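Any value given below was found using the heavy atoms of this structure, including those in side chains, with hydrogens, waters and symmetry copies removed. Note that the numbering runs from 1 along the sequence shown for the chain. Keep in mind that this is a model prediction, so the values were computed, not measured.
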Amino acid sequence: MSTTNQHDLVIIGGGPAGYSAALYAARASLDTLVVEQGMPGGQIATSDMIDNYPGISLCSGSELGQKMQAHAESAGAQSAYGSVQSLVRHEGGFTIKTDLDSFEAKSVIVATGATPRPGNFSGEETFRGRGVSYCATCDGMFYRGKRVFIIGGGNSAVEEALYLSNLADRVEIIVRRDVFRAPRGMVDRLAMKPNITIRYQTSITEVSGATFIGAITFRDNATGEMHVESYDEGSVGIFVAVGQDPATRLVADLVEFGPDGGVLTDEHMGTKTPGLYCAGDVRSKSLRQVVTAAADGAIAATAAYQYIESISA
Ligand code: NAP
């Protein structure tokens, strides 16, 4: 193991893609460092339950994240904590600067994941943390016995609704079209919860209040009609679950992008910059899942190993 800040491979992001890459790279005897800014597991660290990773059932996201980290470290990978500020390609490789440290690497895998997309309604920023949230597992407990609205019609919105139905008195899902994007099997699970209702063809356009949310403006997307509902301040919450934006800031000048804003890679997770690979939700892809992120990580690490071998030969 290295005792300097020089590594064969630096992996930015400690989610399923990052730690899967770390496991494969360490097993291939690469000196491998994972740089993570928060909890191991990335986005799944805030997931109450993971039940679609093959062979794993009844496991929380944070537990699965910790297991992935421990597994990679048992194979020889190292972890460092810090928020990466810049990634620079130079003749000898890459420089990765965090808020605390600086690392050199022959090859880099960017596995920075994705961040929640905003709901784009008036007052969203003002009431963020005072009624507007992006994570039911993180903030759901503040709405015990209260009324919550969930914006979105994808898998995340359904999962957030099911989770919150065990805490809140009333859960209403605000779906902008007349159908969910989530598959029917997921949506059918909502019917088992009597305190969940769905408002189709509806958008939230504005929230207001003195300190907490006291009023919400709804638009009927079929007719364009608006109406305002008032509440006791502090008695309602809005959870925004409208998708993710790939976290690509570090690689803006080093890669090309797909239509969803994710990084375009080849089938080996390679980018237009030699030695730079991207894996997981940061990529342009159709299915953002733990299993696809882990697969990306394994492929990227194998390609990085071959790249490092080729430049060392
Ligand atoms: P998603 O699948 O992209 O769905 C986003 C939903 O939000 C869609 O219903 C979309 O409506 C709606 N939406 C987007 N912008 C909106 C806005 N400004 N106002 C109101 N509604 C808006 O996103 P996701 O649910 O976060 O899931 C992201 C990825 O993770 C997906 O690939 C998903 O399958 C995966 N995921 C999987 C699981 C699981 O399998 N257990 C759990 C969570 C996430 P339209 O349909 O009209 O565009």
Side-chain angles (χ1 to χ4, degrees), residues 11-28 32 34 36 38-75 77 79 109-116 135-137 152 154-160 162-163 180-189 241 243-248 258 260-270 277-305:
I11 298 164
I12 305 174
Y19 274 115
S20 162
L23 174 65
Y24 274 72
R27 283 168 61 96
T32 302
V34 179
E36 166 58 34
M39 294 258 294
Q43 276 195 84
I44 62 162
T46 59
S47 208
D48 186 39
M49 196 58 70
I50 303 291
D51 63 0
N52 55 5
Y53 190 75
I56 301 282
S57 55
L58 300 178
C59 184
S60 73
S62 60
E63 191 185 343
L64 184 57
Q66 283 166 29
K67 282 184 171 168
M68 287 181 174
Q69 179 185 29
H71 194 176
E73 289 180 355
S74 73
S79 299
I109 297 175
V110 173
T112 42
T115 52
C135 173
T137 320
N155 277 321
S156 302
V158 173
E159 283 195 346
E160 303 267 278
L162 291 169
Y163 178 79
F180 275 83
R181 183 175 290 269
R184 187 184 298 175
M186 277 294 277
V187 178
D188 286 349
R189 291 167 63 186
Q244 318 280 329
D245 283 324
T248 58
D260 61 355
V263 174
L264 283 178
T265 65
D266 61 23
E267 65 173 311
H268 306 292
M269 307 299 141
Y277 302 85
C278 287
D281 286 4
V282 71
R283 288 179 63 224
S284 180
K285 64 195 313 197
S286 59
L287 187 61
R288 293 192 164 88
Q289 297 282 293
V290 181
V291 69
T292 60
D296 284 2
I299 295 167
T302 305
Y305 170 77

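Between the CG atom of Asp266 and the OH atom of Tyr277 there is a distance of 8.0 Å, given to the nearest 0.5 Å. Here the straight-line distance linking atom CD of Gln66 with atom NE2 of His71 works out to 15.5 Å at 0.5 Å rounding.
Side-chain contact between Ser156 and Glu159 is absent, with no heavy-atom pair separated by less than 4.5 Å. Two residues are said to be in side-chain contact when any heavy atoms from C-beta on lie closer than 4.5 Å; Val263 and Val110 fail this criterion. With contacts defined as side-chain heavy-atom distances shorter than 4.5 Å, the pair Met269/Cys278 does not qualify. Residues Met39 and Ser62 meet the side-chain proximity criterion, which asks for heavy atoms closer than 4.5 Å.
Of all heavy-atom pairs spanning Gln43 and Ala114, the tightest one is NE2-O, 3.2 Å. Residue Gln69 comes nearest to Tyr19 through the heavy atom pair NE2-OH, 3.2 Å, listed as atom of the first residue, atom of the second, then distance. Contact record, Tyr163 with Ala136: CE2-O, 3.3 Å, taken as the closest heavy-atom pair. In terms of heavy-atom proximity, Ala241 sits nearest to Glu160 at CB-CG, 4.2 Å. The two atoms that bring Ala22 and Val34 nearest to each other are CB-CG2, 3.5 Å, heavy atoms only. Between Ala28 and Tyr305 the shortest heavy-atom distance is O-CE1, 3.5 Å.
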Which donor-acceptor pairs under 3.5 Å do the side chains of residues 280-292 make with protein atoms, sequence neighbours left out?
from: Arg283; atom 1: NE; to: Thr265; atom 2: OG1; distance (Å): 2.9
from: Arg283; atom 1: NH1; to: Asp296; atom 2: OD1; distance (Å): 3.1
from: Arg283; atom 1: NH1; to: Asp296; atom 2: OD2; distance (Å): 3.0
from: Arg283; atom 1: NH2; to: Thr265; atom 2: OG1; distance (Å): 3.2
from: Ser284; atom 1: OG; to: Asp260; atom 2: OD1; distance (Å): 2.9
from: Lys285; atom 1: NZ; to: Thr292; atom 2: OG1; distance (Å): 3.3
from: Lys285; atom 1: NZ; to: Asp296; atom 2: OD2; distance (Å): 2.9
from: Arg288; atom 1: NE; to: Asp281; atom 2: O; distance (Å): 2.9
from: Arg288; atom 1: NH2; to: Asp260; atom 2: OD2; distance (Å): 3.1
from: Arg288; atom 1: NH2; to: Arg283; atom 2: O; distance (Å): 2.7
from: Gln289; atom 1: OE1; to: Asn52; atom 2: ND2; distance (Å): 3.1
from: Thr292; atom 1: OG1; to: Leu287; atom 2: O; distance (Å): 2.8
from: Thr292; atom 1: OG1; to: Gln289; atom 2: N; distance (Å): 3.1
from: Thr292; atom 1: OG1; to: Gln289; atom 2: O; distance (Å): 3.0

task = Take Ile11 and Thr32 through the test side chain to side chain contact (heavy atoms under 4.5 Å, CB included) and record every step on the way to the result.
result = CA-CA 8 Å; Ile11 298 164; Thr32 302; 3.7 Å; yes

query = Where do Ile50 and Ile44 land on the side chain to side chain contact (heavy atoms under 4.5 Å, CB included) test, with the steps shown first?
reply = CA-CA 8 Å; Ile50 303 291; Ile44 62 162; 3.9 Å; yes

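In this structure Phe180 satisfies the ring pair (Phe, Tyr, Trp, His ring centres under 6.0 Å) test together with Tyr200, sequence neighbours excluded. The side-chain contact (heavy atoms from CB on, under 4.5 Å) check on Ala294 picks up Ser20, Tyr53, with sequence neighbours excluded. Remark: Cys135 engages Cys138 in a disulfide (SG to SG under 2.5 Å) (not counting sequence neighbours). The side-chain contact (heavy atoms from CB on, under 4.5 Å) search around Ala75 returns Leu23, Ala26, Arg27, not counting sequence neighbours.
Between the side chain of Thr112 and the main chain of Ala247, a donor-acceptor pair closer than 3.5 Å is present.
In this model, no donor atom of one side chain and acceptor atom of the other lie less than 3.5 Å apart for Ser79 and Glu36.
For residues 55-67, every residue pair satisfying the salt bridge (Lys or Arg N to Asp or Glu O under 4.0 Å) rule, not counting sequence neighbours, is listed here: Glu63-Lys67.
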